[in-house]
Structures are given as structure tokens and as C-alpha cells.
Amino acid sequence: MSKYRTHTCGELNISNKGQKIVLSGWINKKRDHGNLLFIDLRDNYGLTQCVVDNENKVFKEIEKLSLETVIKISGEVIERNKDTINENLSTGEIEISIINFEILGQTKELPLPVFSDQEYSEEIRLKYRFLDLRRKKIHQNIILRSKVISFIRSEMNNLGFLEFQTPILTSSSPEGARDFLVPSRLNPGKFYALPQAPQQFKQLIMVSGFDRYFQIAPCFRDEDARADRSPGEFYQLDLEMSFVEQQDVFEVVEKLLVKVFKNFSDKKLLFETFPKISYSDAMLKYGSDKPDLRNPLIISDITKLFERDDISFEIFKNLVKKGSIVRSIVTKNTKDKPRSFFDGIDKWAKEHGSSGLAYFTLEKNDKIVGKGPVGKFFSEASLVELMKITNADIGDTVFLSCGKQSDVEKILSIARTRIAEELKIIKEDYFAFCWIVDYPMFEIDEQTKKISFSHNPFSMPQGDIKNLDLTDPLSLKAYQYDIVCNGIELSSGAIRNHVPELMFKLFDIAGYSKKDVEEKFSGMINALSYGAPPHGGIAPGIDRIVMLLADEKNIREVTMFPMNQNAQDLMMNAPSTISDNQLKELNLSIKKKT
RNA sequence: GGGGGUGUAGCUCAGUUGGUUAGAGCACGUGCCUGUCACGCACGGGGCCGAGGGUUCGAGUCCCUUCACUCCCGCCA
């Protein structure tokens, strides 16, 4: 028998009636009636009500204990009266009549309450994370995370994947995010980098002939934080497979994610075979490469309409002549919405950096007309044509945005969400997964006008790889794919380029000489030259999967010890200064701030 | 690097047009209370109103600067 307990605080029930037991835990809540005192004792497993009255000689001592003191209680399991049963507790049919107690851990006055549903500031939560983590919701989130990871491990094993660790101290790579760097003592002036992802290693594992690899991999990127992005580190389910095409990867990931999401959430899946949407379609129909498919609204391009003579909407027509585009969102049966709804959307759009959203509602009396501020500019014939393009009906409203393509995409993407929220047509009880496929291999940097890799430089371009036409690199598509759920990018992956000669050519387009590539990616280029299998993979983000399952909007709610927005650990005081001696050993000196 | 929000008791917040001694709930302390489960009642301690400067007879409140936290943009192969 344990010195500290015979049972946990979530374990006892009516079947233990009459037993002498020992429990240990935290004082979650006290209810003091003067001569009768209730204590809710809490541990990881649950809550048990303990009771003591003034006939007990330790009563006065127990009465003085403050919340969150850790105590050991010995007592007897008593059946509660019918009218005092608490149906919200698994232990609610019994209570412990306290015989004796012992203090195991004293507490100072609490900087934040544990038993409370109140929100409180991040600063205090992160500084006293060990107290914060005692709170119910986040405690359960962390347990969920553990269970999800362990489930994924076992499923990956079942699917024939082997788990390997890859180095944490590795080399800096020129592409991608900013690296975290670690100075080398034995190699003065040189630095390790923490891996942004085990990208090269997992490809090397394939070249080494291990066929199917996975890892719950820590990834380090020195980028600014967002609500769904921790500064510093995050975890990916990193996986890679040999002798596969894109579809083989899709099948494995779909199988896995469907199981995970069915197992750990009550929400339903909108699709069990995830729809595949090309990058260009996604940008057109949703204005984004991470569309939320729970939202039924779809964007249409109606630029061509504005070449018609029977439309007199001169502002848009002139802009179109100068190369602007016009796209629309149609909302179903919104003719009876109050004026304030439409103006609200328009005003909101203006606040978000656009020139607003023009709109009109389709109505039919003798003939079809557009009702609303700009409806009068459209002839009946042009409205019929518009209805054909956008699938709009009488009673629907058409919102219009005109401008530069990237601006229109941006504003309509967020307008799509905003309008759907207003109309309450987002299917909140679902997970809507999709694949975004056919990403362009290259893109043009708006500022430098240089061509760069749009995603991963190691991706395999689509087409005949032996006779690839590289004269128009911007039209080249890659076997590069993202998985998106409810508007959140869960991961990206690719079929890799395992042909060194082709890789040199592609890097050349992005401005890297053969020598650069050999130097920066020596490990991998070298390996690919000694018999590399065709291979590909993906890396779903663990933190974001758990966020979706726990229905949390902030990644810190599913991370045990997160850093704050300035990449500081307020509990451990990281980062911190180091001693002169440490600096000397590392051959480093710190420049004074100017 | 840029933009928005917030900052008042240990915690969560209120504080009117600039006007007496800055309030509430929880927590803490003392007292009463033997069936509560957000127990109840009474009393009490607790404040550099984030920091600095300015306007004013007078600033928690107005102005400027600055710091912290947070959300967003940039960034995230």
C-alpha cells in the first residue's frame, strides 16, 4: 500500500461504502459551516468531498488550511443522503468522513485562483504556469494532447512506419524561416542551427532504405508569434515514405486523421475522403489557400461582365480597363435583411483596408432588377448573365469587390468569413478537411522582383522530369500539397525531387549556383547521387490538431510550458544573460546597445 | 519593423463632464453558523490607479513620452 493513498480522488463510489481509505490531493474548495466543514479534495483523477465536524479534535486545524494546500486525509467512505448527492461528480454519491489529516505541501497566498472559470492575464498565467495547469480546462487539454500523441504513435506503427530521432543540433539552411543558432565551443566562430523541421534528415532516412519513417518532431523557427503559432518551438507529426506518389501519401494521412478526429471529438467530419482543390481554384473560390469549407459561400470572378455596354457602373468599368478585376460573393435569400446588415459589411470592409464592398439584391417584379446602392447600374440582361456565372437566384444579394487581384482576394477571403458569421451559416459542429494541391513551384517576390521557391525547394515539379520545359518557370507546378481543416493550415508536404541534376536546374532559377547548392545542401545532394528512391511525405502540426480537437483558439491552451509573445519563458526566465566565462569559452562577445 | 486593444487591491473588473476619503465580487484575516457543493451572514486588513513628464486651483480621468501584456500585418522553404 502506498504511504500516501489507497485510492485516487476520482475513484471512490458507493461500492466502497464503509471502507477505511487514505486520499492525498489539493484543497480545491472549502465550505466552512463553523462546526461542520466540507473540503473538496482534488487530484489528477477527480474530486472527492471530505467532511469533518467539531467533534473531531483536528477540526480547528483543518479549518485553518488554505486553498491549494496539499494534504493527506484518512477517513471512512460514507454514503450520502439522497438529497445531498452531487450528480456532477463521479464520486458524488459518497463522501469521506475525515478521521485524521497530514499536511504534505504548504502554500503561500495564491497569485491566481485555481478554482475559478475566470479569465486572467497571460502574464500571471505563464509566470505561475504550474498553478494555471491545475485548472480544469487546460489540465484536460494537456491530457488530451498526451492521448492524441500516443494514439498517433500506435496508429503509425500499425501503418508500418518506424519512429526515428533526428539531430537537434544541425546546420543552418538558407531557405525558409530565421534559424535559432547555437555557438560551437569546439569550432570557434561556427554555429549549429536548431532544425526548422527534420526535412533533410527524413529524406536521408529514405535514401538509407528505411522505407517509412515518422517522428513526433520538435521544430524550431525564430519567427514572430500569432495566436496559433508559438514563438520558438512546435511539434509536427513528421512522416516520409519511399516509392510513393502523391495519392499514396493522401491515403495514409486521411486514414490517420479520420481516426484521430473521430476518436477524440464529438464533432462530425464533413468529408471522409478529403476534397482536392487546386491552389488556383482555392484562390479564386475562397480567396485563400486555406479555405474554411464549413462556410458555404463561394467567390466568383465577374470581371468580364464589366466590358458590357449595358452596365453603367463607370467606376468599376474604368478600373477594369486598367487591369483591375471584379469578384463577387453571393448570399442566398437575403432580400429581407435590414439595410444595417449590408451597410455594416460595407463599413467593416472599409475598416479592413478596402474601398468597401458594393452590393445589391436581386429582385423581380415586371423584370429582374438590382435593388441597392449600385443595382441601378445593371441592365436586366446583364443581371441574367451575372446570375448564370455566380449561380445567384432572385432574392439573393451580390457583394462586389474591384481592384488588384491580390487585394480582391484578400478582402473577399475575410469578407467571406465575416458575412458567413453574420448570417450564422458556418457549420460549427463539423471538421471540414481538404487538400490544396498543384502549388506553383516558383513565385515572384513583389519587392525584389526575383523568382524564388514558393514552397519547398526540394519538391518535385510536375510533368516529364526527363524533358522538363523550364522556359516559363512561373507556370511550373509542383507535387506540393497542404492539408487544411476549418480554415487552419495543418501541414504541408510534397513528393520530393530525388534527381540531383534537376535540383541544380531548379535552384539555378531561384538564383543559387551549383556551387551554392553543393555547399548549402551538401549532405542531401551527395546522398541523392548514390541511388535515391522516389519519395515523399508530409508533416501535420500536432499543436494545431490538438487545438482543433480541444476547440481552442490559442496554441498556448494546448501547450504545457509556452513562451509569451516576445519569446520569453516567464517561469524559467529564459532567455537569460550568461557569464563572461561562458562567453569566453564560446569565443563570443556581446556588443553594447547603442 | 508597423497598426489596434488592455493596464485601477493578491485575482477579475467598475470608476460619470477633470472635483470630497478610489469602489464591487472572489481571495485573505476575525467572529457567528452541523448538510454545503459558486454555502450563508457580519466586521476587517489590503491601492505608487503600469512608469515618467506636462496642462490645471485640482488628474485614475485630458495631453506627450515610455514600459508590459495581448491581437493583427510584415515574417512563417
Side-chain angles (χ1 to χ4, degrees), chain A residues 28-42 47-56 59 63-64 66-68 78 80-89 91-92 95 97 107-128 131-132 173-179 195-197 199-200 219-232 234 351-353 410 414 439 441-443 446-447 452-459 478 480 489 492-494 496 506-507 510 512 520-521 539 541 553-554 556 563-566 568 570:
Chain A
N28 192 59
K29 191 71 189 164
K30 260 185 353 184
R31 289 175 295 282
D32 189 350
H33 293 241
N35 295 313
L36 176 74
L37 168 69
F38 297 98
I39 285 183
D40 291 337
L41 197 68
R42 182 195 74 238
L47 217 61
T48 303
Q49 172 166 289
C50 306
V51 62
V52 63
D53 67 19
N54 61 357
E55 285 178 19
N56 191 320
F59 179 80
E63 211 179 12
K64 288 207 181 328
S66 51
L67 299 185
E68 295 306 310
I78 305 289
R80 292 203 209 180
N81 286 335
K82 252 188 197 145
D83 43 343
T84 61
I85 286 174
N86 185 343
E87 286 172 5
N88 300 321
L89 288 181
T91 58
E95 63 192 2
S97 173
T107 176
K108 298 197 277 187
E109 189 178 347
L110 297 174
L112 56 85
V114 171
F115 176 68
S116 165
D117 291 331
Q118 256 172 17
E119 301 276 330
Y120 35 112
S121 76
E122 289 290 324
E123 195 173 0
I124 208 95
R125 290 184 63 188
L126 294 182
K127 184 164 180 195
Y128 298 96
L131 286 178
D132 190 33
S173 79
E175 287 280 321
R178 203 176 292 112
D179 284 316
Q196 294 182 28
Q199 179 63 37
Q200 294 191 57
C219 302
F220 306 90
R221 295 177 193 177
D222 187 3
E223 293 299 331
D224 288 352
R226 289 288 182 277
D228 64 351
R229 201 169 78 198
S230 281
F234 62 97
E351 284 164 5
H352 285 75
K410 204 178 258 174
I414 54 174
Y439 275 87
M441 187 83 211
F442 297 101
E443 65 187 4
E446 294 264 345
Q447 284 176 349
S452 61
F453 290 105
S454 71
H455 257 69
N456 184 327
F458 306 123
S459 298
Q480 165 81 45
E489 184 190 320
S492 44
R496 320 298 175 186
L506 295 171
F507 267 100
Y512 294 93
K520 298 287 183 191
F521 305 101
K553 298 242 173 330
N554 195 300
R556 289 186 297 271
M563 296 199 284
N564 71 5
Q565 196 170 42
N566 296 321
Q568 297 159 343
L570 299 176

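Below, chain A is the first sequence line, B the second, and so on; all start at residue 1.
Atom CG of A:L36 is separated from atom C1' of B:rG40 by 13 Å (rounded to the nearest Å). For the pair A:K553 NZ and B:rC72 P, the computed distance is 12 Å after rounding to whole Å. Counting to the nearest Å, the P atom of B:rC39 and the NZ atom of A:K30 are 12 Å from each other. Between the P atom of B:rC39 and the CD1 atom of A:I39 lies a distance of 13 Å, rounded to the nearest Å. Atom pair A:N28:CG and B:rA38:P shows a separation of 11 Å (rounding to whole Å applied). For the pair A:N81 CG and B:rU34 P, the computed distance is 17 Å after rounding to whole Å. Distance CD (A:E223) to C1' (B:rG1): 13 Å, rounded to an integer number of Å. Rounded to a whole Å, the CD atom of A:E489 is 9 Å from the C1' atom of B:rC76.
With centroids closer than 5.5 Å and planes inclined by less than 30 degrees as the test, A:H33 and the base of B:rC39 pass as a stacked pair.
With hydrogens and angles left out, the side chain of A:R221 and the base of B:rC76 share no donor-acceptor pair within 3.5 Å. In this model, no side-chain donor or acceptor of A:R31 finds a partner on the base of B:rC33 within 3.5 Å. No hydrogens or angles were tested; on distance alone, a donor-acceptor pair under 3.5 Å links the side chain of A:D224 to the base of B:rG74.
More than 12 heavy atoms of other residues, nucleotides or ligands lie within 6.0 Å of NZ in A:K30, so this atom counts as buried by the packing criterion.
Residue whose closest nucleotide on RNA chain B sits further toward the 5' end, between A:R226 and A:F115: A:F115. Residue-to-nucleotide proximity on RNA chain B shows that, of A:A177 and A:R556, the 5′-proximal contact is made by A:R556.
Ion pairing of A:R125 with A:D132 is present here, as a side-chain N (NZ or NE/NH1/NH2) and a carboxylate O approach within less than 4.0 Å. Between A:R31 and A:D40 there is a salt bridge, with a side-chain nitrogen of the basic residue lying less than 4.0 Å from a carboxylate oxygen of the acidic one.
Taking atom P on both B:rC28 and B:rC64, the two are 42 Å apart, rounded to the nearest angstrom. Spacing of C1' atoms, B:rA22 relative to B:rA14, comes out at 11 Å, to the nearest Å. Spacing between B:rC49 and B:rA9 at atom C1', rounded to whole Å, works out to 10 Å. Comparing the C1' positions of B:rU6 and B:rC13 gives a spacing of 12 Å, expressed to the nearest Å. For B:rG60 and B:rC75, the P atoms lie 44 Å apart once the distance is rounded to whole Å. For B:rU55 and B:rU8, the C1' atoms lie 22 Å apart once the distance is rounded to whole Å. Look at the P atom in both B:rA59 and B:rC43: the space between them is 33 Å, to the nearest Å. Taking atom P in both B:rG19 and B:rC62, one finds a spacing of 11 Å when rounded to whole Å.
When distances are taken from the side chain of A:T84 to each of B:rC37, B:rG74, B:rU70, the shortest belongs to B:rC37. Residue A:Q49 has its side chain nearest to B:rC37 when only B:rC37, B:rC33, B:rU34 are considered. With B:rU30, B:rU36, B:rC69 as the candidates, the nucleotide lying closest to the side chain of A:E122 is B:rC69. Taking the side chain of A:K410 as heavy atoms from C-beta on, and the options B:rG35, B:rC69, B:rG74, the nearest nucleotide is B:rG74.
Heavy atoms of A:Q200 sit nowhere under 4.0 angstrom from any nucleic acid atom. Backbone-only contact: A:E123 has heavy atoms under 4.0 Å from sugar-phosphate atoms and none from a base. In this structure, A:Q565 reaches the bases: a heavy-atom distance under 4.0 Å links it to at least one base atom across the strands shown. When heavy atoms are screened at a 4.0 angstrom cut-off, A:R178 is found touching no nucleic acid atom at all. Contacts of A:D222 with the nucleic acid, taken as non-hydrogen atoms under 4.0 Å apart, are absent. Among the atoms of the strands shown, base atoms are found under 4.0 Å from some heavy atom of A:N54. Among the heavy atoms of the strands lying under 4.0 Å from A:D53 is at least one base atom, whether or not backbone atoms are also near.
In this structure, A:N456 and A:R496 have side chains that are in contact, with non-hydrogen atoms separated by less than 4.5 Å. Under the 4.5 Å side-chain criterion, counting only non-hydrogen atoms from C-beta, A:F38 is in contact with A:H33. Within the 4.5 Å cutoff, side-chain heavy atoms of A:N86 are placed close to those of A:R80.
Smallest separation of non-hydrogen atoms from A:V51 and A:L36: CG2-CD1, 3.7 Å. The shortest non-hydrogen separation linking A:L506 to A:S459 is CD1-O, 4.5 Å.
Residue A:N566 places at least one side-chain N or O under 4.0 Å from the OP1 or OP2 atom of B:rC69. Here A:K29 reaches the OP1 or OP2 of B:rA27: one of its side-chain N or O atoms lies under 4.0 Å away. Put simply, A:N554 has a side-chain N or O that comes within less than 4.0 Å of OP1 or OP2 on B:rC71. Regarding contacts with the backbone of B:rU34, a side-chain N or O of A:N35 is found under 4.0 angstrom from either OP1 or OP2.
In secondary-structure terms, RNA chain B builds stems of at least 3 consecutive Watson-Crick or G-U pairs, each pair having both distances under 3.5 Å, at B:1-7 with B:67-73, B:10-13 with B:23-26, B:28-32 with B:40-44, B:50-54 with B:62-66.
Of the N and O atoms on the side chains of A:D179 and A:Q196, at least one donor lies less than 3.5 Å from an acceptor on the other residue.
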Item to check | Pair A:F453-A:M441, side-chain contact (heavy atoms from CB on, under 4.5 Å): steps then yes or no | outcome: CA-CA 6 Å; A:F453 290 105; A:M441 187 83 211; 4.0 Å; yes

Checklist entry - For A:E122 and A:R556, what are the C-alpha separation, side-chain angles and deciding distance, and is it a salt bridge (charged side-chain N to carboxylate O under 4.0 Å, His left out)? => result CA-CA 9 Å; A:E122 289 290 324; A:R556 289 186 297 271; 2.8 Å; yes

Checklist entry - For A:E68 and A:K108, what are the C-alpha separation, side-chain angles and deciding distance, and is it a salt bridge (charged side-chain N to carboxylate O under 4.0 Å, His left out)? => result CA-CA 9 Å; A:E68 295 306 310; A:K108 298 197 277 187; over 6 Å; no

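Side-chain atoms of A:T48 never come within 3.5 Å of backbone atoms of A:L41 as a donor-acceptor pair (strictly under, hydrogens ignored).
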Give me, pair by pair, the N or O atoms of the protein and of nucleotides 6-11 of chain B that are less than 3.5 Å apart, along with how far apart they are.
unit_1	atom_1	unit_2	atom_2	d
B:rG10	O2'	A:P111	O	3.2

